[in-house]
Trainee: 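Handing you this structure, nothing more for now.
Quick caveat: nothing in here was measured; it's all calculated off a predicted structure. Side-chain atoms are counted along with the backbone in the values below, which use heavy atoms only and exclude waters and symmetry mates.
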Amino acid sequence: MNFPNKFLICSLLSSLLSASFAAEEAALIKIDLDRTVDAIDPKIYGSFLEPLGRFPVVYGSLYDPDSSLSDENGFRKEYLQQVRELQVPIVRWPGGNFVSGYNWEDGIGPKDQRSVRLDRSRTRPESNQMGTDEYVAFCNLVGAENFICINAGSGTIDDASNWVEYCNAPVGTYYADLRAKYGNPEPFDVKYWGLGNEADGPWQIGYKTKEEYVRFASEAAKVMKMVDEDIKLIASGSSNYPLVTSSYDPNDGWIDWNDYILDKMYEDIDYISLHRYATQALRAIDKPVFADTMSLGLDIEEKIVVTKGLIEKAKSKAESDHDVYISFDEYGARGNTIAGPLLLSQHLNAFIRHADIVKMANLTFLTSLTGITEDGSYKTSLYYPFSLFSNNCRGVSLDVYSRCETYSNELFKEVPYLDVTAVLNEEKGALFINVVNRSEIDAIETDIELQSGEYMGSATVRTVTGDSIDATNTAEVEQVDIDEGSIKFKKNMIRYSFPAHSLTQMEIPVK
């Protein structure tokens, strides 16, 4: 055997040994308290309501005056209590698709005089029993801010400005006096107003081209601000992505829509909305499996990163000191199995990771967090991860380094098995580390290196998982909840094995 061949064999053996050692190497997370992203806006823990006929989102769950379990306002008391426990800071209403055919004046005044209208978005009757006054009352009861979405489909500029007057103007004008007549003399002071819902969607009543939308929304913004100059406006960003409709045009798609709206309306708005139901991306896969669903956090990352770049471009072009942020005001973590909680956690991790640009988010729907039956309530599998984030992950988002094994599928290359964020919550005196293990079957041994700060030698560990990926919660059985324990560690290094298909949140006291 000549020397070159011996050298080649040795090199191959060395490579194989190195690969073996690398496979056995623990994953690594590095956290430095000095590497901050931005303050987390609590409004990323918002949610969304829309009256639907297919399943109870408003009527029969949240609002049910005929139930003995409801309060004097008609709201289910256990529902109110669970929403308070979740500390939901803002609730978007009444969009979705419903708002694009909604006349807000149908939902005010004495309830026995409100007309039942046809909800053309879903061809069902709408009783209008929960209108503006009831929505504001609900938000007051749960401690949430109001976020009203106007009708930019069949509605007019006058409809929009009159609605602002009804909600925010002091008595002395027609619509403010009407509000007082119906029992609310003090203004509601609704701060956040969406300029329509999914205006680029062909499924929408009054769907518009980007040029048509900007013409309408710019004028609506102008007149609404004439009524109340202090309101914050959210432009309708794109919702029509590849595979959502057959009419999607990749040469004039979601990026082009957002770019145009930002270019033409930058000074008029405070947020651009993003709507994305990430599971729509699975339509590209013939038979998606658990690992495919777990990769969808990367889809959300893409939408945020690209839109952030468009915002920076528009700001630079406008030579503006004004800031525009992302309101991710419709997203979903579909399903009540373990995939739902883990996908929800990946969304919340993405919002935290991009705390500098994502300043509001609204989960579809608020009722997906709580299970309501005729006889009582239960906590869905989504309740538990949302509770961990909304109650604990307030403060400052940290720029985390993580290294772990990856996998690939038809949608994405190099999907990391661990999805990691960290939050410094000074009010609680603690560092919170959130880790989703995307693997269906494997626990992942991980070293967590705390690179700065002084820590006490124990951490509380809360885990959301189930015995299998089919674990679920119903009114009869609860298979997904929070398992709490503690671990000791020395100095600033923690070795921990994150269970398969799980969310783990570590709470580490900081001196």
Trainee: Check whether any side-chain heavy atom of D159 lies under 4.5 Å from a side-chain heavy atom of I150, and answer yes or no.
Mentor: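 SC-SC contact between D159 and I150 ruled out.
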
Trainee: So which of V435, T421, I300, V420 actually passes side chain to side chain contact (heavy atoms under 4.5 Å, CB included) with N349?
Mentor: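 The single option meeting the side chain to side chain contact (heavy atoms under 4.5 Å, CB included) with N349 is T421.
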
Trainee: Please determine whether a side-chain nitrogen of the Lys or Arg among E145 and K191 lies less than 4.0 Å from a carboxylate oxygen of the Asp or Glu.
Mentor: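 A salt bridge is absent here (no side-chain N lies under 4.0 Å from a carboxylate O).
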
Trainee: Does E330 come within less than 4.0 Å of R92, counting only side-chain N to carboxylate O?
Mentor: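 Between R92 and E330 there is a salt bridge, with a charged N closer than 4.0 Å to a carboxylate O.
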
Trainee: Decide, yes or no, whether a salt bridge links D419 with R353 under the criterion of side-chain N to carboxylate O below 4.0 Å.
Mentor: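 Yes, this pair counts.
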
Trainee: Heavy-atom distance under 4.5 Å between the side chains of S236 and L195, does that happen here?
Mentor: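 A side-chain contact is absent here, since even the closest heavy-atom pair is not under 4.5 Å.
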
Trainee: For R114, I'd like to know if atom CZ has over 12 heavy atoms of other residues, nucleotides or ligands within 6.0 Å.
Mentor: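 Buried by this count: over 12 neighbours within 6.0 Å.
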
Trainee: Once rounded to the nearest 0.5 Å, what's the spacing between atom CZ of F290 and atom CD1 of I441?
Mentor: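 The distance works out to 11.0 Å.
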
Trainee: Would you mind checking if K225 and D230 are paired as a salt bridge, meaning a charged N to carboxylate O distance below 4.0 Å?
Mentor: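 Answer for the salt bridge query: no.
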
Trainee: Among F389, Y331, Y325, which one satisfies ring pair (Phe, Tyr, Trp, His ring centres under 6.0 Å) with F351?
Mentor: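 The passing option is Y331.
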
Trainee: For W104 together with Y166, are the ring centres under 6.0 Å from each other?
Mentor: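 Aromatic pair counts; centres sit under 6.0 Å.
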
Trainee: Looking at D299 and K303, is any side-chain nitrogen of the basic one under 4.0 Å from a carboxylate oxygen of the acidic one?
Mentor: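 Salt bridge flag = yes for D299 with K303.
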
Trainee: Among V83, I148, N146, L49, find the residue that satisfies the side chain to side chain contact (heavy atoms under 4.5 Å, CB included) test when tested with V91.
Mentor: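 Looking at V83, I148, N146, L49, the match for V91 under the side chain to side chain contact (heavy atoms under 4.5 Å, CB included) is L49.
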
Trainee: Answer yes if the side chains of T465 and D483 hold a donor-acceptor pair under 3.5 Å, and no otherwise.
Mentor: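 No.
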
Trainee: Is it the case that R276 places NZ or CZ above or below the six-membered ring of Y241, under 6.0 angstrom from the centre and within 45 degrees of the axis?
Mentor: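 Yes.
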
Trainee: Has the side chain of S67 got a donor or acceptor atom that lies under 3.5 Å from a matching backbone atom of D64?
Mentor: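 Such a contact is absent between S67 side chain and D64 backbone.
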
Trainee: Any side-chain heavy atom of Y192 within less than 4.5 Å of one from L233?
Mentor: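 When only atoms from C-beta onward are counted, L233 and Y192 do not touch, as no gap falls below 4.5 Å.
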
Trainee: Tell me whether R124 is salt-bridged to E126, with the criterion being a basic N under 4.0 Å from an acidic carboxylate O.
Mentor: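 Yes, this pair counts.
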
Trainee: Parallel, tilted or perpendicular: which describes the rings of F328 and H347, with under 30° parallel and over 60° perpendicular?
Mentor: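 Answer is perpendicular, since the angle exceeds 60°.
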
Trainee: Under 3.5 Å, is there a donor-acceptor pair between the D119 and S121 side chains?
Mentor: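 Side chains of D119 and S121: pair found under 3.5 Å.
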
Trainee: Say whether S439 and N437, considering side chains only, have a donor N or O and an acceptor N or O under 3.5 Å apart.
Mentor: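 Side chains of S439 and N437: no pair found under 3.5 Å.
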
Trainee: Can you see whether Y378 engages Q82 through a side-chain donor-acceptor pair at a distance of less than 3.5 angstrom?
Mentor: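 Not at all, the side chains of Y378 and Q82 share no donor-acceptor pair under 3.5 Å.
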
Trainee: Measure the shortest side-chain to side-chain distance between T380 and T474 over non-hydrogen atoms and say whether it is less than 4.5 angstrom.
Mentor: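 Contact flag for T380/T474 side chains = no.
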
Trainee: Is it the case that N184 and D133 place a side-chain donor and acceptor less than 3.5 Å from each other?
Mentor: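 The criterion, which ignores hydrogens and geometry beyond distance, is satisfied for D133 and N184.
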
Trainee: Going by heavy atoms in the side chains, are Y45 and N391 under 4.5 Å from each other?
Mentor: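 Contact flag for Y45/N391 side chains = no.
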
Trainee: Any side-chain to backbone donor/acceptor pair from K428 onto E426? Under 3.5 Å, distance only.
Mentor: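 Answer holds: no.
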
Trainee: For Q204 and N97, which I'm curious about, is there any donor-acceptor pair between the side chains at under 3.5 Å?
Mentor: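 There is such a pair (donor and acceptor under 3.5 Å, judged by atom type) between the side chains of Q204 and N97.
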
Trainee: Any chance the side chains of E134 and N73 put a donor and an acceptor closer than 3.5 Å?
Mentor: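 The criterion, which ignores hydrogens and geometry beyond distance, is not satisfied for N73 and E134.
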
Trainee: Could you tell me whether the side chains of N362 and D329 share a donor-acceptor contact shorter than 3.5 Å?
Mentor: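 Per modelled atom types, N362 and D329 side chains form no pair under 3.5 Å.
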
Trainee: Between D270 and V324, is any pair of side-chain heavy atoms under 4.5 Å apart?
Mentor: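 SC-SC contact between D270 and V324 ruled out.
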
Trainee: Considering only heavy atoms from C-beta outward, does the side chain of T364 approach that of Y277 to under 4.5 Å?
Mentor: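 Side chain of T364 against side chain of Y277, heavy atoms only: contact under 4.5 Å found.
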
Trainee: For T463 and S502, which heavy atoms make the closest approach, and how far apart are they?
Mentor: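 Closest approach of T463 to S502, heavy atoms only: CG2-CB, 4.1 Å.
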
Trainee: For residues Y213 and W257, establish whether the separation of their ring centroids is below 6.0 Å.
Mentor: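 That pair passes the under 6.0 Å test.
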
Trainee: If the test is side chain to side chain contact (heavy atoms under 4.5 Å, CB included), which one of L503, V436, L382 qualifies with L344?
Mentor: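 Looking at L503, V436, L382, the match for L344 under the side chain to side chain contact (heavy atoms under 4.5 Å, CB included) is L382.
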
Trainee: Is it the case that the side chains of E478 and Y384 hold a donor-acceptor pair, with the cut-off being a distance below 3.5 Å and no angle test?
Mentor: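 Checked: Y384/E478 side chains pair up, N/O donor to acceptor below 3.5 Å.
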
Trainee: Check E374 with R76, please: is the shortest side-chain N to carboxylate O separation under 4.0 Å?
Mentor: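 Between E374 and R76 there is no salt bridge, as every charged N stays at least 4.0 Å from the carboxylate O atoms.
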
Trainee: Is there a donor in the side chain of E165 and an acceptor in the side chain of T173, or the other way round, less than 3.5 Å apart?
Mentor: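 Per modelled atom types, E165 and T173 side chains form a pair under 3.5 Å.
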
Trainee: Does some side-chain heavy atom of I326 sit less than 4.5 Å from a side-chain heavy atom of Y271?
Mentor: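 No, too far: nothing below the 4.5 Å cut-off.
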
Trainee: Evaluate D106 against R117 for salt bridge (charged side-chain N to carboxylate O under 4.0 Å, His left out), listing each step before the verdict.
Mentor: CA-CA 8 Å; D106 289 337; R117 300 286 189 179; 3.3 Å; yes

Trainee: With the threshold set at 4.0 Å, does a side-chain nitrogen-carboxylate oxygen contact exist between D38 and K359?
Mentor: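 Yes, charged N to carboxylate O under 4.0 Å.
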
Trainee: Please check if the number of heavy atoms outside E484 that lie under 6.0 Å from its CD is greater than 12.
Mentor: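 Yes.
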
